[in-house]
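Notes to accompany the following structure.
Just so it is clear, the model here is predicted, and its values are computed rather than measured.
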Amino acid sequence: MGSNLPISPVPSIPEIRLHTAGPASGLWRLAGRREADPAPYWAYPWAGGAVLARHLLDRPEIVVGRRVLDLGAGSGLVAIAAAKAGAAAVTAVDIDANAIAAIGLNAAINGVDIVARAADIIEDPPPETDLLVVGDLFYDPALALRVMAFLRRCQASGIEVLIGDPERAHLPQGELSRIATHIVADFGGGTGGAAPAGVFALFGNG
């Protein structure tokens, strides 16, 4: 898979390079798609992940020496940023086994160690981690409710939670406090253009 995936720096995050979906990338074949179909979500950096990655790299004290879990990790961008910023251990979780394969490739080209596993953990007990980072999981109303319930359980167990999102419709902003805003690339919107995105904490966090 890696031989056909161009490697390029992430816009607004030059410290990190990712395999990205170009016309000859082979990602469509990996995902069982025809080339005319949209590339899979984990082939691009999305705004929520990009803003979290930028935030962690700018403020490494958030992760230094801590265990970090990236939920819905996609390309692994946020997990890679956490590892580069000095996290003691980083786990990336995604429900798509192809995303896990992409995370492995992306971790390797950035010289970081990440434990990547394919799982749906949002009905499970809180994981063994210090910081939970969640980018771009508020695109669907039913999923947003499940994710928030999980994040609340994690927070109650003593886990710090950070959310990255370009303020999509299903982000429950009334339950969140904004920590930072950055202008980042958002390929997930289909435009590839830059967009403002926020880093949020749950009320009562920290």
Do other residues, nucleotides or ligands put more than 12 heavy atoms under 6.0 Å from D113 CG?
no

Under a 4.0 Å threshold between the charged nitrogen and the carboxylate oxygen, would R153 count as salt-bridged to E123?
no

Please confirm whether the backbone N or O of [Y] pairs with a side-chain atom of [X], one donor and one acceptor, at under 3.5 Å?
X    : Y    : answer
N106 : H19  : yes
N98  : A101 : no
R54  : S12  : yes
D136 : G48  : yes

Residues 64-89, side-chain donor-acceptor partners within the protein, below 3.5 Å, at least two apart:
residue	atom	partner	partner atom	Å
R66	NH1	I62	O	2.9
R66	NH1	E160	OE1	2.8
R66	NH2	D130	O	3.3
R66	NH2	E160	OE1	3.2
R67	NE	D130	OD2	3.2
R67	NH2	D130	OD1	3.0
D70	OD2	A79	N	3.2
S75	OG	L77	N	3.3

Return the minimal non-hydrogen interatomic distance between V51 and A197, and the atom names on each side.
CG2-O, 3.3 Å

Please name the pair of heavy atoms, one in P196 and one in T181, separated by the smallest distance, quoted to 0.1 Å.
CB-CG2, 4.3 Å

State which residue, out of I179, L162, L171, V161, fulfils the side chain to side chain contact (heavy atoms under 4.5 Å, CB included) condition with F200.
L171

[Y] and [X], any side-chain heavy atoms less than 4.5 Å apart:
X    : Y    : value
L105 : I109 : no
V63  : V133 : no
F138 : P172 : yes

